[in-house]
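A quick write-up on the structure given underneath.
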Amino acid sequence: MRALVVHSHPVGASYSSALRDAAVRGLRAAGHHVDVIDLAARGFDPVMTKQEWQSYVSMSGTVPHELADDAALVRDAGVIVFVYPTWWSAAPAQLKGWVERVFRPGVAFVLDGNNKVTPILENLRRIVTVTTFGSPRAYTMAMNDNGSRMLRRSLRLVAVRRIRTTRLALFRMDRTTDRSRQRFLDRVEKATARL
């Protein structure tokens, strides 16, 4: 099966990058072909242009040239793993912008004349989020985990039916130890190796 790992963190040597690498190792150990999109490394612009927006709302299905490869990877993926830090109760702007620009009509769904959504990502079977929080779990639950909600709930409802989701989260990141961070890396690798 084809797996896609989408990573969003501005620092190349971050713990988030280590989580991305752990997910890739696990997926490869499971026998998946793995593609990686590192948004910050490629300087991805999350802002949708006026022309893009007009194409989006007209439902033309036209994918901007610079996103064609990403759209193809999304269409082919059986598993998508999103790796990112949670900031301000949400995914980084770069990741949210990528979702807005790539999971568009003609790629992830179609709308009929009554604005009824029909998912079209036939290959997608699993969405996994791997994220870190500076806050404790209770605080995060009280504030809401909007990044995971967008990626695990909204995509599941819009892009494909009957999909399984997994959330792997490390809380209190600012107070973790080398040992607890390594345990979470191991957990991510083992969890993705079971997909």
Side-chain angles (χ1 to χ4, degrees), residues 1-10 14-30 32 34-40 46 73-74 77-100 102-103 108-109 119 121 123-177 179-195:
M1 183 181 311
R2 292 188 73 101
L4 175 61
V5 176
V6 182
H7 179 241
S8 180
H9 194 288
S14 66
Y15 180 67
S16 184
S17 296
L19 290 170
R20 173 203 61 215
D21 296 344
V24 169
R25 283 192 305 273
L27 291 164
R28 287 188 176 143
H32 299 297
V34 182
D35 293 295
V36 178
I37 295 174
D38 191 322
L39 297 172
L73 290 173
V74 165
V79 176
I80 300 178
V81 179
F82 295 96
V83 183
Y84 61 96
T86 296
W87 294 329
W88 286 94
S89 302
Q94 204 167 44
L95 179 55
K96 185 171 187 305
W98 183 84
V99 170
E100 290 174 354
V102 175
F103 284 80
F109 62 93
L121 290 177
N123 295 323
L124 192 57
R125 297 289 175 260
R126 179 71 72 102
I127 292 174
V128 179
T129 59
V130 178
T131 190
T132 58
F133 298 86
S135 304
R137 181 187 307 262
Y139 180 84
T140 301
M141 296 306 109
M143 293 300 292
N144 208 341
D145 178 3
N146 295 310
S148 183
R149 180 181 295 245
M150 172 188 69
L151 297 168
R152 290 176 51 236
R153 284 190 187 176
S154 298
L155 287 184
R156 181 175 63 191
L157 295 172
V158 170
V160 66
R161 298 185 194 282
R162 294 182 179 85
I163 188 170
R164 294 182 64 194
T165 65
T166 301
R167 176 177 175 255
L168 302 169
L170 178 64
F171 297 94
R172 299 179 71 106
M173 179 65 193
D174 302 336
R175 296 185 182 188
T176 59
T177 63
R179 186 174 178 204
S180 62
R181 286 190 300 276
Q182 185 58 53
R183 278 198 313 259
F184 188 63
L185 284 168
D186 294 342
R187 181 177 166 215
V188 168
E189 187 170 345
K190 287 175 185 171
T192 52
R194 289 192 299 265
L195 297 177

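These numbers were taken from a predicted model, which means no experiment stands behind them. Just so it is clear, the values below take in all heavy atoms, side chains as well, and ignore hydrogens, waters and symmetry mates. Start at 1 with the first residue, then count along the sequence.
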Neighbour count above 12 (heavy atom, 6.0 Å) for R164 CZ: no
With R181 via side chain to side chain contact (heavy atoms under 4.5 Å, CB included) - residues at least two apart: Y15, L170, M173, T176, D178
Contacts of type side chain to side chain donor-acceptor pair (under 3.5 Å), residue T131, not counting sequence neighbours: T86
Partners meeting side chain to side chain contact (heavy atoms under 4.5 Å, CB included) with E189 (sequence neighbours left out): A22, R25
Whether F82 and F103 hold their rings parallel, tilted or perpendicular, with breakpoints at 30° and 60°: tilted
Under the ring-ring contact (aromatic ring centres under 6.0 Å, His included) test, residues paired with H9 that sit two or more places apart: W87
Side chain to side chain contact (heavy atoms under 4.5 Å, CB included) partner of T129, the single match among V83, I80, L151: L151
Qualifying residue, where the test is side chain to side chain contact (heavy atoms under 4.5 Å, CB included) with L27 and the options are L4, V5, V128: V5
Atom of S8, atom of Q94 and distance for their closest heavy-atom approach: OG-CB, 3.9 Å
Pairwise distance CG(L19) to OG1(T132) - rounded to 0.5 angstrom: 7.0 Å
Partner residues of D38 under the salt bridge (charged side-chain N to carboxylate O under 4.0 Å, His left out) criterion, sequence neighbours left out: R20
Side chain to side chain donor-acceptor pair (under 3.5 Å) partners of S16, counting only residues at least two apart: H7
Side chain to side chain contact (heavy atoms under 4.5 Å, CB included) involving A91 - partner list, sequence neighbours excluded: Y84, L95, M150
Spacing of R125 atom CZ and L195 atom CG [to the nearest 0.5 Å]: 14.0 Å
D35: partners by salt bridge (charged side-chain N to carboxylate O under 4.0 Å, His left out), with sequence neighbours left out: R2
Which residues share a side chain to side chain contact (heavy atoms under 4.5 Å, CB included) with A191, sequence neighbours left out: L168, R194
N/O donor-acceptor pair under 3.5 Å between H32 side chain and V79 backbone: no
